Amino acid sequence: MHDGFALLALLVATLRAAAPLLLAGFGELVAERAGVLNLGVEGMMLVGAAAGFIATAATGNPLLGLLVGALAGALMALLFGVLTLTLRANQVACGLALTIFGVGLSALIGLPWQGTPITGLATVIWPGLDRAGPVAQQFMLLDPVVWLALAMPFLVFAFLYRTRPGLVLRAVGESHDVAHALGYSVLRVRYAAVVFGGAMAGVAGSYLSLVYTPMWTENMVAGRGWIALALVVFSAWKPLWLALGAVLFGFVTIAQFHAEAFGLDVSPHLLATLPYLATVVVLVLISRDAGRLKLNAPAALGKPFNAAG
Amino acid sequence: MTARLALTGITKRYGAMLANDGVTLSVQPGEIHALLGENGAGKSTLMKIVYGVVKPDAGEIAWEGTPVVIADPNAARALGVGMVFQHFSLFETLTVAENIALGLGSRQPMAALVAEIRQVAAQYGLAVEAGRQVHHLSVGERQRVEILRCLLARPKLLILDEPTSVLTPQEAEGLFAMLRRLAAEGCSVLYISHKLQEIRALCTAATVLRAGRVVARCDPRQETAESLAEMMMGGALAPASRPAARQVGAPCLSVGGLTLPSQEPFGTTLRDISLELRAGEILGIAGVAGNGQKELLAALSGERRAAADMVRLDGQGIGALGPAARRALGLAFIPEERLGRGAVADFTLAENAMLTRLDDRIAPHGLLDLKAVGALAARLVARFGVRCASIQAQGRSLSGGNMQKFIVGREIDAQPRVLLAAHPTWGVDIGAALAIRQALQDLAAAGCGVLVVSEDLDELLEIADRIAVLSGGRLSLPMPVAEASVEGIGLLMGGAAHAPAA
């Protein structure tokens, strides 16, 4: 029984740690499959985390906080879209700038709220959380956001490969010139994909500040946005591999805490690098076939679209 | 009878250039109408206007007697216009059915669409597998997918832009039969080409464009290839002279057992290629695009390295050497892309001249002798009739034909042992093409081995001594041109028996 419980706790903790990566990663996957490389995931997550936290602290409603976080991420993405899609600025430079902007903006607006206590999402949805038994508590820890994150791979897969708008989105990412010649609105598809990616990053960020931690500290996303980006590329833009990579990252994050609990005599800073290291190593091994990576990459990724005539 | 499509006074300007200047054209129902003109005459721009990809600056379009504005391709398709592009507009990583679904804009379920694809494909004799991904298909199959995509929309006007440039002669015959059937059913066809023989065989009316203007209208069945060419060019042509027999010497370039896996996702793997090029001959490599031409040229020029023994120049193994080392040994190379690989668009002609000629005469002790550079460029311009403002003109300011004459001249002037020429007259006007072919013939007559890779079979039959066919990464045995037939080469191009054709 005890072993079983430990396993359950480990699984729940893993899924919770993986949730923000799943959300942000699948948002970015959709944007990249439409041909837009948005390196601003980290910045969008931070702004989403700060905005979501402030809304929750101000209203006491974490569901509203999540919504505000999603909106904030979407607005950041919209800004990126205006720069790169309408004004055709360089996507890599704008993405990096978006992250730098997000780091600063979130620190600025979040400053007065540092240390403010909030009611976490789980407590709001499950009023009986404190009184429930340990097993039930574990299940309650899997809140709706985690379920949404777990559903993302299936939802995105079904959208991309089983619906007509998904087909159009893949087509736009494959060759915007051909899609344009066939009469599809490349910019409309790309704006939608980018804003969706931003909203997902915003949800992922507010999940961190509302549920996972829950509190606001500067730079609290701690590189998860970059990991989400790396996961998308190393998974060769495939939903299944992306999901596996995210869960792996979550697992090593949790395992690292257990290693500390076991009294492993390694610097905690070194241990803290493990999830990043393990994820990158495994995914590099998976994707070392450069030809396959090339084949799967959306051919128009990162290229600005300029309609002729 | 009301014309299906009537264009009046269509004008389109790009910067200083008038791509279309008051073009008037009408196509009747059931007519196969040729749009004839040299590269840059404005054919493609005009068709993009009809298809709604480009908006005209002035002029009117009437569809079945009613004036219309074609705002985008959707509007064109709604009218009943279908277009088969010269460079295919297919998505490589999607399946045939997905590509067709994207082109149709209908929302029927995939299974029903696949059934309809099969039915229309059978009706018009266009065999394709609906479930395959496009990057697995041959060029001919891709074109069938494009045509199917148009046919499923039940078009009233089908536009084809140089459709046979990627087909074997047999495939082209199949295409013509299909187009005639389509026309008999009342569909109009607008057929863009500069291949005069096929226009005479297929089309029932023709409009000739030159420099953006309509210069002639005719019934191509009443004309000769020569008279059509004169309408296109605006003057008579002297055909290239072919010496009765060239003196053929010892082998200068030999390739044996060359096998190279492709490095590109959609590339072709070279399989056990052997060939022998002799001094003083022109060896033509025919084949449909995408059968290994790019890969073979890269392996011969040195852009891809192989085992040293696989490629030999005058008996010396050079397979492991890079392009510069091979050039130094006397192997010159004219690449496929003029601007980007053959020359630099932003460089002046003088600078472009020295790109492949940095020897001791041009750059003694590593320092540029600008006088010698200028003299070299001026010599090339004069000797090969390059039309340019001066040798200080930028590469991009020259027309395709003039730039190509300059690049061909630069390589010939280096007096190579062996010259590799990739699609030397692709996208070049007829006058420049003639000059380039003549220059290659003269070079061979002077004792250089010339290897020409081209998709233009007529060109190879005109200038080559022997022809081999590249298909699926394999090279057939070369056959003397005198013994070659278009049908036999066509069969080899389509991947028939790996043996010389009769």
Side-chain angles (χ1 to χ4, degrees), chain A residues 29-30 32-35 157-190 193 233 235-239 241 287-303 305-309, chain B residues 12-14 19 44-45 47-49 51-57 70-78 81-85 87-95 97-110 113 133-136 146 149-150 153 161 261-267:
Chain A
L29 176 76
V30 168
E32 290 196 14
R33 287 304 289 257
F157 181 87
F159 170 74
L160 285 178
Y161 295 101
R162 294 287 180 271
T163 71
R164 188 174 170 84
L167 176 62
V168 172
L169 185 137
R170 282 189 289 142
V172 166
E174 179 66 31
S175 168
H176 45 225
D177 292 326
V178 176
H180 175 68
L182 290 177
Y184 293 100
S185 172
V186 172
L187 289 190
R188 204 175 302 160
V189 170
R190 290 200 167 155
V233 176
S235 67
W237 296 271
K238 286 186 171 166
W241 287 7
S287 61
R288 67 184 185 284
D289 182 352
R292 198 159 49 175
L293 204 61
K294 238 181 184 172
L295 183 69
N296 282 315
L301 185 61
K303 292 179 188 152
F305 171 67
N306 190 357
Chain B
K12 176 73 191 176
R13 177 183 289 278
Y14 287 111
S44 292
T45 303
M47 289 308 100
K48 282 180 184 163
I49 288 171
Y51 198 58
V53 181
V54 172
K55 290 180 189 64
D57 298 331
I70 304 178
D72 56 35
N74 282 330
R77 278 198 298 271
V81 181
M83 176 140 180
V84 178
F85 292 91
H87 302 288
F88 295 129
S89 62
L90 295 174
F91 302 98
E92 298 269 345
T93 57
L94 303 184
T95 67
E98 283 175 334
N99 266 289
I100 291 177
L102 280 167
L104 282 182
S106 72
R107 289 172 199 280
Q108 59 177 327
M110 208 42 114
L113 180 65
Q133 288 197 336
V134 166
H135 63 88
H136 291 303
E146 288 252 3
R149 182 161 73 181
C150 292
D161 194 354
S262 166
Q263 284 180 322
E264 289 292 312
F266 309 121

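Model, not experiment: these values are computed from the prediction. By convention in this document, chain letters (A, B, ...) are assigned in the order of the sequence lines, proteins followed by strands, and residues within each chain are numbered from 1. The figures here come from the full heavy-atom set of this structure, side chains too, leaving out hydrogens, waters and symmetry mates.
Remark: side-chain polar atoms of B:Asn74 are paired, donor with acceptor, to backbone N or O of A:Gly183 under 3.5 angstrom.
Residues B:Asp72 and A:His180 are not in side-chain contact: their nearest non-hydrogen atoms beyond the backbone lie 4.5 Å or more apart. At a threshold of 4.5 Å between non-hydrogen side-chain atoms, the residues B:Phe91 and A:Leu167 do not count as touching.
Contact tally against chain A (heavy-atom pairs below 4.5 Å) for B:Arg77, B:Lys48, B:Met83: the top residue is B:Arg77.
Neither the backbone nor the side chain of A:Ala299 comes within less than 4.5 Å of any heavy atom of chain B. Contact annotation for B:Leu94: only side-chain heavy atoms (C-beta onward) come within less than 4.5 Å of a heavy atom of chain A.
For B:Thr93, the side chain to side chain donor-acceptor pair (under 3.5 Å) partners at least two apart in sequence or on another chain are A:Glu174. Scored by the ring pair (Phe, Tyr, Trp, His ring centres under 6.0 Å) test, A:Tyr184 finds no partners at all (sequence neighbours excluded).
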